[in-house]
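First the structure, in the form of structure tokens, and then the observations on it.
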Amino acid sequence: MEEVEERRTSEGNKMNGQCNSPKSSPNRTSLKTLIDQDANSENEKILSMISYCTFIFSFTDPSESPSQQDEKRHKLIQLLSIIRTSKKPLHHQVLSALMEMISANIFRPLPPPSKPSSSITSDSDFPDEEDTISKFCRIWSHLQLVYDILLRLVTTTDPKTLSSFVDHHFLVRVLPLFQSEDPRERESLKNVYHRIYTRFTFYRSFMRKAMTNVFLNYVFETEKHCGIGELLEIWGSIINGFTVPLKEEHKLFLMRVLIPLHKTKGMQGYHRQLAYCVCQFVQKEPALGGVVVRGILKYWPVTNCQKEVLLIGELEELVENIDPDQYRKLALPLCAQITRCLNSWNSQVAERALYVWNNEHFVRMASMAMEEVFPLLVEGIEKNLKWHWSKSVRQLTQNVKVMLEDMDPILYSTCLGDIDNTESEARQAEIKRKEKWDRVFDMAAAKNNHQFLQRRSPYICVLSSTINV
């Protein structure tokens, strides 16, 4: 009985296998074919839209049709929606066509600058954002969507797959676009470039060197670039990720690039981002504070009051982060510069320098070198109280004087006495100098009179002889 049951079971299994296998394979083949056909038709539809979007509208040619411009914008919106909702990777052919379309749209000659580089000397000389936005608003309706598509591809596509399109050549071509005067385009470029740096780890060294070249060209060649602030924002996040101790390459970037960026005429346009990058370095290695402070003092402006106000604030922030062991070395050069600033005839510079004395870290630094710093400070304070034209500056100076007197009243009195003695000696020296010059003038006048009389004596004799005749 057991043998009969086993035979029946085996025959039943064979029958089931014979019934299922031949009938299921045609169904599976037909289903796969339908899926492939749907995918091919979908890809052809996407490729058709991409091909249409490759055409570039200048928005200045009268022959261009507004309806075609709107049609391109509609197709770009469709492409962005497809990329966002796609649950599987894009076909290689579609990805290649997308990158060609993106390159055709964004890599273009930028319009000439609204102001020549020689005329940019202050923050007010930079292109006005509202005027620039109104100037580029029409073409931006297409570019915005193209940048959104590129950002989505960089965010979602596997870096190894996309690296055949986003290569060194592509990254080098992206950097000149940061010179666009449209702030919206620079913001989109910043997001794309930073996302590439984050995901494409094998390009990081190359990207840092490429951005460094842009900075060096700006500092030492052109001093004209609209996108320095955006590039520094990227660097801010890069520096934030540096590990401690810092590599020598990164320290060289601080000394050779970031510090010289303080000397350009257009520093006001990117100072906030620059100060953040410098502060990140000092926070990671406080020992670098001395190098940074001396570098900023080296490039201190002479006639640009707006830059002075910004740099005073940056120095104040650095003092809070540098190593306290360096306070004594930096106290004299820092306090000397702050004293020169508080004696400035520009009230904004003078007031900002006086407000520094509200900072506990700065006061602590000055107190560590009292005997060296106090003579400079007292002289500057007394000079302000006597001669400065601004009432508010004189009032702030009086407050600082009270604080310094409380810190060391004996030393302050000694410095006042030294100042009085110096002024007295200077007055005596001036009196003596004046007396010497008076004697010189008297001697010269006497000598001239003597020579004048000697010249006139022959003529007098001739005249008398003529009368006698």
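For the single chain, residues carry numbers from 1 onward in sequence order.
- No side-chain donor-acceptor contact under 3.5 Å links E100 and T54.
- Between the side chain of D61 and the backbone N or O of F57, no donor-acceptor pair lies under 3.5 Å.
- Looking only at distances, no side-chain donor or acceptor of N43 sits under 3.5 Å from a matching main-chain atom of V94.
- Distance check: T222 OG1 to L216 CG gives 11.0 Å after rounding to the nearest 0.5 Å.
- Two residues are said to be in side-chain contact when any heavy atoms from C-beta on lie closer than 4.5 Å; T157 and L90 fail this criterion.
- Not counting sequence neighbours, the partners of L376 by the side-chain contact (heavy atoms from CB on, under 4.5 Å) test are L332, A336.
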Subject >> Verdict with reasoning, N213 to L175, per side-chain contact (heavy atoms from CB on, under 4.5 Å) >> reply: CA-CA 10 Å; N213 291 335; L175 285 175; over 6 Å; no
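- Here the side chains of C341 and I312 are in contact, with some heavy-atom distance below 4.5 Å.
- Atoms CZ and CE, from F178 and M211 in turn, are 8.0 Å apart once rounded to the nearest 0.5 Å.
- L162 and L153 make their closest contact through CD2-O, 3.8 Å (heavy atoms, listed as atom of the first residue, atom of the second, distance).
- A donor-acceptor contact shorter than 3.5 Å is absent between the side chain of S424 and the backbone of D420.
- Expressed to the nearest 0.5 Å, how far CG of L310 lies from CG of L274 amounts to 10.5 Å.
- Taking the charged nitrogens against the carboxylate oxygens, R108 and E185 do have a contact shorter than 4.0 Å, which makes a salt bridge.
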**OP:** With salt bridge (Lys or Arg N to Asp or Glu O under 4.0 Å) as the test, would you mind laying out the steps for E308 and R340 before giving the verdict?
**Re:** CA-CA 11 Å; E308 286 192 273; R340 284 192 288 269; over 6 Å; no
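- Under the 3.5 Å distance criterion, with hydrogens and angles disregarded, a donor-acceptor pair is assigned to the side chains of S237 and H194.
- By the 4.5 Å heavy-atom criterion applied to side chains, Y355 and E316 are not counted as neighbours.
- Taking 4.0 Å as the cut-off between side-chain N and carboxylate O, K75 and E71 count as a salt-bridged pair.
- L231 has its side chain out of reach of Y270: every pair of non-hydrogen atoms, C-beta onward, lies at least 4.5 Å apart.
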**OP:** Would you please test Y193 and V174 for side-chain contact (heavy atoms from CB on, under 4.5 Å) and show each step?
**Re:** CA-CA 8 Å; Y193 210 76; V174 167; 3.7 Å; yes
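- V154 is listed as a side-chain neighbour of F200, based on a closest heavy-atom distance under 4.5 Å.
- Stacking of R204 on the aromatic ring of Y197 is recorded, both the 6.0 Å distance cut-off and the 45° axial limit being met.
- Within a 6.0 Å radius of CD in E423, other residues, nucleotides and ligands contribute more than 12 heavy atoms.
- Here the side chain of Q280 pairs no donor or acceptor atom with the backbone of I239 at under 3.5 angstrom.
- Below 30°, between 30° and 60°, or above 60°: for F215 and F253 the angle between ring planes is between 30° and 60°, a tilted geometry.
- Taking both residues in full, the closest heavy atoms of S163 and Y203 are given as O-OH, 3.4 Å, listed atom of the first, atom of the second, then distance.
- Pairing each heavy atom of P159 with each of F202, the nearest pair is O-CZ, 4.0 Å.
- The distance from the OG1 atom of T155 to the CZ atom of R199 is 7.0 Å, given to the nearest 0.5 Å.
- Looking only at distances, no side-chain donor or acceptor of S81 sits under 3.5 Å from a matching main-chain atom of Q78.
- In this structure, OG on S51 lies 8.5 Å from CG on L47, to the nearest 0.5 angstrom.
- N105 places a side-chain N or O within 3.5 Å of a backbone atom of M101 that can act as its donor or acceptor partner.
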Original post:
Passes side-chain contact (heavy atoms from CB on, under 4.5 Å), L315 versus V356? Steps please.
Top reply: CA-CA 9 Å; L315 287 178; V356 168; over 6 Å; no
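- In terms of heavy atoms, A350 sits closest to H388 at CB-NE2, 4.1 Å.
- Environment of NZ in K263: crowded, with over 12 heavy atoms of neighbouring residues, nucleotides or ligands closer than 6.0 Å.
- Using modelled atom types, no side-chain atom of E233 and backbone atom of Q273 make a donor-acceptor pair closer than 3.5 Å.
- A salt bridge is defined here as a Lys NZ or Arg NE, NH1 or NH2 lying under 4.0 Å from an Asp or Glu carboxylate O, and K190 with E187 meets this definition.
- Not less than 6.0 angstrom separates the ring centroid of H262 from the ring centroid of Y299.
- With hydrogens and angles disregarded, a donor-acceptor distance shorter than 3.5 Å links the side chain of Y327 to the backbone of V319.
- Taking the six-membered ring where the residue is Trp, F165 and H92 present tilted rings, their angle falling between 30° and 60°.
- For N346 and S344, the side-chain atoms include no donor-acceptor pair closer than 3.5 Å.
- Across all non-hydrogen atoms, the minimal contact from E351 to L396 is CG-CD1, 3.8 Å.
- At a threshold of 4.5 Å between non-hydrogen side-chain atoms, the residues N304 and Q268 count as touching.
- With hydrogens and angles disregarded, a donor-acceptor distance shorter than 3.5 Å links the side chain of K72 to the backbone of F55.
- Using a cut-off of 4.0 Å between Lys/Arg side-chain N and Asp/Glu carboxylate O, D158 and K160 are scored as not salt-bridged.
- A 4.5 Å side-chain heavy-atom check between F107 and L177 finds at least one atom pair inside the cut-off.
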Original post:
Checking side-chain contact (heavy atoms from CB on, under 4.5 Å) for the pair I102/M99: CA distance, chi angles, key distance, verdict?
Top reply: CA-CA 5 Å; I102 291 170; M99 293 305 300; 4.2 Å; yes
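- Atom CZ of R364 has 12 or fewer neighbouring heavy atoms from other residues, nucleotides or ligands inside a 6.0 Å radius.
- Listed for the N399 side chain is no donor-acceptor partner under 3.5 Å among the backbone atoms of L354.
- Between the CG atom in N343 and the CD1 atom in I381 there is a gap of 8.0 Å [rounded to 0.5 Å].
- Judged as a side-chain contact (heavy atoms from CB on, under 4.5 Å), and not counting sequence neighbours, the contacts of S205 are R208, K209.
- Ring geometry, H168 versus F206: the interplanar angle falls under 30°, so the pair is classed parallel (tilted spans 30 to 60°).
- Here the closest non-hydrogen pair linking I56 and E64 is O-OE2, 4.5 Å.
- In summary, R433 and E430 engage in a salt bridge, as defined by a charged side-chain N under 4.0 Å from a carboxylate O.
- The side-chain heavy atoms of I82 and M49, taken from C-beta on, include a pair separated by under 4.5 Å.
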